[in-house]
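First comes the structure, then the notes that go with it.
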Amino acid sequence: DVKVTQSSRYLVKRTGEKVFLECVQDMDHENMFWYRQDPGLGLRLIYFSYDVKMKEKGDIPEGYSVSREKKERFSLILESASTNQTSMYLCASSLWPGEEQYFGPGTRLTVT
Amino acid sequence: KNQVEQSPQSLIILEGKNCTLQCNYTVSPFSNLRWYKQDTGRGPVSLTIMTFSENTKSNGRYTATLDADTKQSSLHITASQLSDSASYICVVLPGGSYIPTFGRGTSLIVHP
């Protein structure tokens, strides 16, 4: 079974803090994705990576950056957290482009 | 712009009843369409994938249909169970793209 794990289920941070969200997959997948999910808006792509050290902006990259030093690990970084970044963050991976994406359980981030 | 619209936004049914969820898309060119199920507090999980040449595909009590001419898909749930309570997300992959377009989901509640 593919397993995608995220470092925290719940996280509370203060405005201006630097926040790291970690994602690890154990199936040697090439592609990894970060989404945020908000009520009524569905999933929106923040960044994706199709290879180690390769990354591409998604639909809403502003305020975020990513790091992929190893194939199995994809990190989302909020350089200076703001209240409008309070959301559910979901990580996903897939073997090939367009293949089924396997999602982690999500991290619910609250910025106060 | 590629879009995926789902209806209804939410649905409440009694256990044992059938229901049908709708997905209309404007994505072009088309590669495939997936239905995902997302339980509360969890990441989405793929239920089924439809390619251009497929009209109907079943996965247990879930049956997906695709009309590529009218760009519509439906997900029919037979003999609903309490465990079917979840959000159902329609996801369309454009041809030649890594990045799928997500619908906002239909929230289904099954009451005993």
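Reminder, nothing fancy here: chain letters follow the sequence lines and each chain counts from 1.
Under the 4.5 Å side-chain heavy-atom criterion for ILVMFWY residues, no single connected hydrophobic cluster contains both B:Ile49 and B:Val4. Taken together through direct or relayed side-chain contacts under 4.5 Å among Ile, Leu, Val, Met, Phe, Trp and Tyr, B:Val92 and B:Leu21 form part of one hydrophobic cluster. Residues B:Leu47 and A:Val4 do not share a hydrophobic cluster, defined by chaining ILVMFWY side chains whose heavy atoms lie under 4.5 Å apart. A:Leu45 and A:Phe74 are assigned to two separate hydrophobic clusters, defined by single-linkage of ILVMFWY side chains at heavy-atom distances under 4.5 Å. By the rule that hydrophobic residues join a cluster once side-chain heavy atoms approach within less than 4.5 Å of another member, B:Leu108 and B:Leu82 end up as members of one cluster.
Using modelled atom types, no side-chain atom of B:Arg42 and backbone atom of A:Pro105 make a donor-acceptor pair closer than 3.5 Å.
A:Arg9 touches chain B through its side chain: at least one heavy atom from C-beta onward sits under 4.5 Å away, while N, CA, C and O do not. Heavy atoms of B:Gln6 lying under 4.5 Å from chain A are absent altogether. Both the backbone and the side chain of A:Leu43 come within contact range of chain B, each with at least one heavy atom under 4.5 Å from a heavy atom of that chain. With a 4.5 Å cut-off on non-hydrogen atoms, A:Gln37 touches chain B through its side chain but not through its backbone.
Contact detail for A:Glu100 and B:Ser46: the closest heavy-atom pair is OE2-CB, 3.1 Å. Of all non-hydrogen atoms in A:Tyr35 and B:Pro100, the two that sit nearest each other are OH-CG, 4.2 Å.
Heavy-atom contacts from other residues, nucleotides or ligands closer than 6.0 Å to CZ of A:Arg44 number more than 12.
Contacts between residues 26-36 of chain B and chain A, counted as heavy-atom pairs separated by less than 4.5 Å, involve B:Asn32, B:Arg34, B:Tyr36.
Between A:Phe48 and B:Ile99 the shortest side-chain heavy-atom distance falls below 4.5 Å. Contact of the B:Pro44 side chain with the A:Leu90 side chain is registered, since non-hydrogen atoms from C-beta on lie closer than 4.5 Å.
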